[in-house]
Protein chains: 2
Amino acid sequence: MTAQPFPVSEIVASRRPHRKDAARNYDALLAAAREAFAEHGAEASLEDVARRAGVGIGTLYRNFPTRRHLFESVYAGEVNDLCRFAEEVADREPWEALTAWLHRFVDYTVTKRAIREALDGESEIFLACRESMYAAGGPLFERAREAGRARDDIAFDDLLRMVAGITATNFLDDAQRDRVLSIALDGVRAGR
Amino acid sequence: MTAQPFPVSEIVASRRPHRKDAARNYDALLAAAREAFAEHGAEASLEDVARRAGVGIGTLYRNFPTRRHLFESVYAGEVNDLCRFAEEVADREPWEALTAWLHRFVDYTVTKRAIREALDGESEIFLACRESMYAAGGPLFERAREAGRARDDIAFDDLLRMVAGITATNFLDDAQRDRVLSIALDGVRAGR
DNA sequence: ACTGTAGCGGAGGCACCCCTCCGTTTCAAT
DNA sequence: ATTGAAACGGAGGGGTGCCTCCGCTACAGT
C-alpha cells in the first residue's frame, strides 16, 4: 500500500552484493534456482543449480549459506511479485479481481512445485511471506465476500490451499488446468 | 463387473512367491513401501524400504527388480481396493455415491503423495490402473450427471485431477482437507 | 531325516550430493 | 597503474543411495 509495502522485498534485496561480478552471479543463481526448484521441487541439487548458473559451487554457498537461504530467497521474490499484482487488480470488479489474482498465483513456477512445503514452513521468512501474501490476497477475498460474490463459510486459507493443490498437480495441458481451477472456484462462488 | 473385474489384481497377485518365507517378505516389503512412499513420495530410498521391512536389500531387488516395479505394485494394490469400493457404493444415491468414492480416493496414502506422478505414468501397469480407475469411477460420475446432479461441461479426468491435487496438498488438519474438498466439489454440482 | 534348490542378506563398487577450504582471479578505489 | 580486499571456483572428504554378486540359510518334497 505504501511505496515499499513488503518487508520481504527488502530482506531479499539487502542480500544482493555490490560488486558487479558478484551481483551478476547472485542474479544468475536466483534464476537458476527458480528453474531447478520448478523442475525438481525443493530438493533440487545445489550443485546442479551452480552448474546452471555457470558458477562454482563455492559461489553458491557464499551467497546462500544453506539450501533454505536459497529457497527462501526465490520464494520471497515470487511472493513479492504476487503482492504487487494484488495492488494492480485492486480496482477491478470484486470477483474478477479475486480470480485474476488467483490465476496469477497459479503461474508461479517455484510456487507450483514447492508451495505445499512452503505453506507449512516455519522459518521467519516463510512466516513473513505468508503474512504478506495474506495481506495482499485476503482483502480481495474479503471484498468479494462483502459484495455477495463469494460464500462466507470458508476461510481465505482454505481457498489458498485449494488453489495451491490444484496448482501443484500435473495436467494434460494448461487448458485443463484452467478448466479445473474454474470448476473449483465455482464452488467458492456465492449463491450455490 | 464380472467376478475378476480388474486385471491389475491378477498382475500383482501373480508376482507373489509361493514359499512361505518368501511370501512373508514380499508382503512386508509391500507394506514397508506403502509407508515409505506415503512419507517421502515416489523417490523414497529403497534401502530404507528394505530396512523397514526387516529384509536385506537383495531380497527387495529379487522381488522388485526396479523401483518402478515396486511402486507399481503398491499403486496397483490401492487402485484395486478403490475399484472394489466403487462396486460397494454403486446402489446409493448418485451424487452421494460419487462423493463417497472420491473421499475414499483421498484416503489412499501412497496415492496421496504420488498420484500426480502416477497420473502421467506411461507404463503398461499405470495405463491399466488408470483404465481400471476410470472404469470404476467413471460410471458413478456419469450416473450423477444423468441424474442432473453433476454439471456436464467437464470430464471425469478433470474431476479426478482436481481431487488428486487437493489430496496431495498439506492441510492444517483433516477437517480442513474435507472442507476444501467439499468446496471444490460444490463447483462440480449441477445448478450453479 | 535328507537334500537340492529357491531364497536370503549384506559387502562392495559406482555415482551423486553436500559442504568446506584455500590458492587464484577480478574488481574498484586511489 | 597499483594494490588490497572481495569474490571466485573446484578439489576433496564424508555421507548416502543404487544395484550386483555370491557364499550362506532354510524350506518343502521325498
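Reminder, nothing fancy here: chain letters follow the sequence lines and each chain counts from 1. This is a predicted model, so every value here is computed, not measured.
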Just the rounded figure in Å: distance from P of dA11(D) to CZ of Arg51(A).
13 Å

Sidechain N-carboxylate O distance under 4.0 Å for Arg16(B), Asp27(B):
yes

Nearest-nucleotide check on DNA chain D, Arg67(B) vs Arg62(B); residue mapping nearer the 5' end is Arg67(B)

Side-chain contact test, heavy atoms from C-beta onward, threshold under 4.5 Å: evaluate it for Asp81(B) versus Arg104(B) and give yes or no.
no

Please report the distance, rounded to the nearest Å, between CG in Asn63(A) and C1' in dG9(D).
13 Å

dA7(D) P sits how many Å from Leu60(A) CG, rounded?
15 Å

Of Val55(A) and Tyr61(B), whose closest DNA chain D nucleotide lies nearer the 5' terminus?
Val55(A)

Looking across every strand, which nucleic acid part, if any, lies under 4.0 Å from Asp48(A) by heavy atom: base, sugar-phosphate, or nothing?
nothing

For chain B, the stretch of DNA chain C it reaches, first to last nucleotide, under 4.0 Å of its heavy atoms:
dA6(C) to dA11(C)

Taking only nitrogen or oxygen atoms into account, show me every contact under 3.5 Å that the protein makes with nucleotides 24-27 of chain D, one pair per line with its distance.
none

When the distance from CD1 of Ile57(A) to P of dG12(D) is rounded to whole Å, what number comes out?
16 Å

Basic-acidic side-chain contact under 4.0 Å: Arg84(B), Glu87(B):
no

With side chains defined as the heavy atoms from C-beta onward, is the minimum distance between Ile154(B) and Met162(B) less than 4.5 Å?
no

With side chains defined as the heavy atoms from C-beta onward, is the minimum distance between Val49(A) and Ile57(A) less than 4.5 Å?
no

When rounded to whole Å, the CZ to C1' distance for the pair Arg52(A) and dG9(D) reads 20 Å

Between Thr59(A) and dG9(D), is there a side-chain N or O to OP1/OP2 distance below 4.0 Å?
yes

Just how far, in rounded Å, is P of dC19(D) from CG of Leu70(B)?
11 Å

Presence of salt bridge, Glu39(A) and Arg52(A), under 4.0 angstrom:
yes

Tell me whether the rings of Trp101(A) and Phe156(A) are parallel (<30°), tilted (30 to 60°) or perpendicular (>60°).
tilted

Tell me whether Arg143(B) contacts the main-chain N or O of Leu98(B) through its side chain, where contact means a donor paired with an acceptor under 3.5 Å.
no

Do Asp186(A) and Arg189(A) meet the salt-bridge criterion of a basic N to acidic O distance under 4.0 Å?
yes

